[in-house]
There are 2 protein chains.
Amino acid sequence: MRADAKRNYDRIVEVARTVFREQGYDASLDLIAKQAGVGPGTLYRHFPKRDDLIDAVMQSWVDGVNETAEKVLAHQGSPRDLLLAWFEEYVRLISVHKGGPAKITCAMGDDGSPIRTKCEVLRAAGDRVLDRLRAEDAVRDDVTALQVARLVGGVATVADQSELDLAAVRPMLEVVADGLLK
Amino acid sequence: MRADAKRNYDRIVEVARTVFREQGYDASLDLIAKQAGVGPGTLYRHFPKRDDLIDAVMQSWVDGVNETAEKVLAHQGSPRDLLLAWFEEYVRLISVHKGGPAKITCAMGDDGSPIRTKCEVLRAAGDRVLDRLRAEDAVRDDVTALQVARLVGGVATVADQSELDLAAVRPMLEVVADGLLK
DNA sequence: TGCTAAACGGAGACAGTCTCCGTATTGTTC
DNA sequence: GAACAATACGGAGACTGTCTCCGTTTAGCA
């Protein structure tokens, strides 16, 4: 990659991160280009689809996912507490940007999505939590990590679109957790 | 309302019903206007916001909701069967149009939404099912009909956006049902 | 039949996506 | 350090969708 190309690439991602945070994932891409001081052509050459840009923005986010999972697993408590703690962190993780829950949950099952790899990390983290619970025989074993991700992702999506706060989300997560535990 | 106005109103709703069914709730409104043989101005005068048009389209749908609820309640079986039957019908009802689950679930908590009244009918139907289960002391009583609607709506939203079929949705509904039952 | 309030409709302003292609920059080769 | 590919740039503009304004038409009443 040529030096100027890399410069622009980085600049666009940095601007996009800010704009997405402020306006959500459906912010105008031309605006991001302008704010980054490049033409729309440049943006679209680097990131042909919106999801490609989102993927680049999420790069740093992935580290946080693993850290969070570790922290949750380190915490001692009942299986129910563990599951709920993970659910809450999961919702928080995918809700950092408006539109995130729907985007991520949707991409999770879509093999062709550019942000698929990021979702994979998220799912793997969820799997670690589930494995721990399965080892304790605390959770029903006919449910996959993908299904759990979709259940919690569904709750997060509704919360995101209806602008609910964590307090309103919590009881719904409890229902899902109780339905999952043996 | 003047005769020609009513004529156009009805024509637009009829066309919108078809177009929404074929293309989902985010179909172009100008296209609907053109197809109905009116100018965009006419469409926007009758339906200032997209949701106003959706609301009109849903008018006939409301009857189906009540019928379905009655049918589910008439069916004999365990509380779990009843709940699952209702969930499946619920998902089916709100998924007739692409984008429907998100739209309806979101509007359900939004006092200012034009389609609020339609959602009210849906929630009331869900409440009838819940009441029946509460009478049998089969379901936890710290959960409201709105929360249940959001849980199932969340599953339906994910299914809609990820284009999952009912077979894939069923196990997730089971988790929600089990979490809800005592 | 004439009048007025109501309704129409389409031109066009505005915003967002995305592409094409002439121009500019990079980095390599001699 | 000059010349030359290869690579990248950027902005004009095509396209699509939303929504409004306002001159024109029509319905319904007196």
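Just so it is clear: chains get the letters A, B, ... in the order the sequence lines come, proteins before strands, and each one is counted from 1.
Considering only heavy atoms from C-beta on, A/Val13 stays 4.5 Å or farther from A/Gln59 through its side chain. Side-chain contact between A/Gln76 and A/Leu82 is absent, with no heavy-atom pair separated by less than 4.5 Å.
Ring geometry, B/His46 versus B/Tyr9: the interplanar angle exceeds 60°, so the pair is classed perpendicular (tilted spans 30 to 60°). Note: A/Tyr25 and A/Phe20 have perpendicular aromatic rings, judged against thresholds of 30 and 60 degrees for the angle between ring planes.
Distance, A/Phe47 CZ to C/dT17 C1': 16 Å, rounded to whole Å. One atom, CD of A/Gln35, and another, P of C/dG16, lie 12 Å apart when rounded to the nearest Å. With rounding to whole Å, A/Lys34 atom NZ is found 12 Å from C/dT17 atom P. Taking atom CG of residue B/Leu53 and atom C1' of nucleotide D/dC19, one finds them 14 Å apart after rounding to whole Å.
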Could you run down nucleotides 2-10 of chain C 5' to 3' and tag each one B, S or - for protein heavy-atom contact under 4.0 Å? ---BBSBBB
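In plain terms, the two heavy atoms of A/Ala27 and A/Arg50 that are nearest each other are O-NH1, 2.9 Å.
For the salt bridge (Lys or Arg N to Asp or Glu O under 4.0 Å) criterion with B/Lys118, the lone passing option out of B/Asp52, B/Asp55, B/Asp51 is B/Asp55.
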Apply the test salt bridge (Lys or Arg N to Asp or Glu O under 4.0 Å) to residues B/Arg123 and B/Glu120: give CA-CA distance (whole Å), side-chain angles for both, the deciding distance (0.1 Å), then the verdict. CA-CA 5 Å; B/Arg123 192 163 92 195; B/Glu120 213 54 59; 3.5 Å; yes
Pull out every protein N or O sitting under 3.5 Å from an N or O of nucleotides 15-18 of chain D, one pair per line with the distance.
unit_1	atom_1	unit_2	atom_2	d
D/dT18	OP1	B/Arg50	NH2	2.3
D/dT18	OP2	B/Ser28	OG	3.3
D/dT18	OP2	B/Leu29	N	2.8

